[in-house]
Amino acid sequence: GSKRIDILLEKDDGNLLAIELKSGTANYKVFGQLSMYLGLLMDEFPEKEIKGCIVAGKIDDTLKSATKTTQLISLKTYKMRLELLEE
């Protein structure tokens, strides 16, 4: 449909990993968003294993609680560093 997954990866074994990227802090609302994407992918590709990952600068406690209900969605945080060099 008109839904857009941030990143959709096909792994070497043919299974799919949907990645939802969030700048700043991610809360429980992102769980619902990614869960919907996973459901759509499961309908479209019933023969494949579908998993998801939320990547954000920070994960709040509401999202940590929501993801305890499933092993289909994992959580990752990122740290960015910018270093400017003289040329």
Side-chain angles (χ1 to χ4, degrees):
S2 63
K3 306 298 180 207
R4 292 189 181 200
I5 298 168
D6 289 338
I7 299 173
L8 180 59
L9 301 174
E10 184 173 10
K11 296 165 36 174
D12 290 338
D13 60 8
N15 293 322
L16 301 176
L17 177 65
I19 300 175
E20 184 62 27
L21 303 171
K22 294 295 179 193
S23 62
T25 303
N27 63 22
Y28 71 94
K29 294 176 184 177
V30 184
F31 178 82
Q33 180 183 7
L34 186 55
S35 294
M36 182 214 28
Y37 293 153
L38 296 183
L40 292 170
L41 288 168
M42 288 173 180
D43 290 342
E44 186 73 22
F45 304 102
E47 72 286 356
K48 295 183 182 279
E49 179 181 285
I50 311 289
K51 290 195 175 182
C53 181
I54 297 168
V55 179
K58 186 176 178 186
I59 306 294
D60 85 358
D61 289 339
T62 64
L63 180 53
K64 290 176 185 176
S65 294
T67 57
K68 287 180 182 179
T69 65
T70 182
Q71 293 187 350
L72 296 179
I73 297 175
S74 61
L75 302 174
K76 304 285 183 194
T77 57
Y78 67 86
K79 290 184 182 183
M80 294 182 64
R81 180 177 158 199
L82 177 64
E83 185 176 346
L84 300 175
L85 305 173
E86 291 290 331
E87 289 290 323

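- Judged as a salt bridge (charged side-chain N to carboxylate O under 4.0 Å, His left out), and not counting sequence neighbours, the contacts of Glu83 are Arg81.
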**Evaluation steps, side chain to side chain contact (heavy atoms under 4.5 Å, CB included), between Phe31 and Thr70** = CA-CA 10 Å; Phe31 178 82; Thr70 182; 3.8 Å; yes
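- Distance SG/Cys53 to CG/Asp6: 11.5 Å, rounded to 0.5 Å.
- To the nearest 0.5 Å, the span separating CD1 on Ile19 from CG on Leu9 amounts to 4.5 Å.
- There is no path of hydrophobic side-chain contacts, each under 4.5 Å, that joins Leu21 to Leu82.
- Applying the salt bridge (charged side-chain N to carboxylate O under 4.0 Å, His left out) test to every pair with at least one member in residues 8-17, sequence neighbours left out, gives these pairs: Glu10-Lys48.
- Cluster note: Leu85 groups with no other residue, as no ILVMFWY side-chain heavy atom lies under 4.5 Å from it.
- The structure places CD of Glu49 at 9.5 Å from CG of Leu16, a figure rounded to the nearest 0.5 Å.
- Within the structure, every pair that satisfies the salt bridge (charged side-chain N to carboxylate O under 4.0 Å, His left out) test and touches residues 21-47, not counting sequence neighbours, is listed here: Glu20-Lys22.
- When hydrophobic clusters are built by joining Ile, Leu, Val, Met, Phe, Trp and Tyr residues whose side-chain heavy atoms come closer than 4.5 Å, directly or via intermediates, Leu63 is grouped together with Met36.
- Under the 4.5 Å side-chain heavy-atom criterion for grouping Ile, Leu, Val, Met, Phe, Trp and Tyr, Val55 is not connected to Val30 through any hydrophobic cluster.
- Annotation: the span from Ile73 atom CD1 to Ile50 atom CD1 amounts to 12.0 Å, rounded to 0.5 Å.
- A donor-acceptor pair under 3.5 Å links the side-chain atoms of Thr67 to the main chain of Lys64, judged by distance alone.
- Closest approach of Leu72 to Met42, counting heavy atoms only: CD1-CE, 3.6 Å.
- Contact record, Ala18 with Leu38: CB-CD2, 4.0 Å, taken as the closest heavy-atom pair.
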**Message:** Run the side chain to side chain contact (heavy atoms under 4.5 Å, CB included) test on Ile5 and Leu41 for me, step by step, so that the C-alpha distance in whole Å, both residues' side-chain angles and the decisive distance to 0.1 Å come before the verdict.
**Reply:** CA-CA 10 Å; Ile5 298 168; Leu41 288 168; 3.7 Å; yes
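- Tyr28 shares a hydrophobic cluster with no other residue; no ILVMFWY side chain has heavy atoms under 4.5 Å from its own.
- When the side chains of ILVMFWY residues are joined at heavy-atom separations under 4.5 Å, either directly or via intervening members, Leu75 and Leu34 end up in a single hydrophobic cluster.
- Using a 4.5 Å cut-off between side-chain heavy atoms of Ile, Leu, Val, Met, Phe, Trp and Tyr, with links allowed through other members, Leu40 and Ile54 fall into the same hydrophobic cluster.
- The two atoms that bring Ala56 and Ala26 nearest to each other are CB-CB, 3.7 Å, heavy atoms only.
- Using a 4.5 Å heavy-atom threshold, the side chains of Leu8 and Tyr37 count as separate.
- Thr62 is linked by a side-chain hydrogen bond (donor to acceptor under 3.5 Å, both in side chains) to Asp60, counting only residues two or more places apart in sequence or in another chain.
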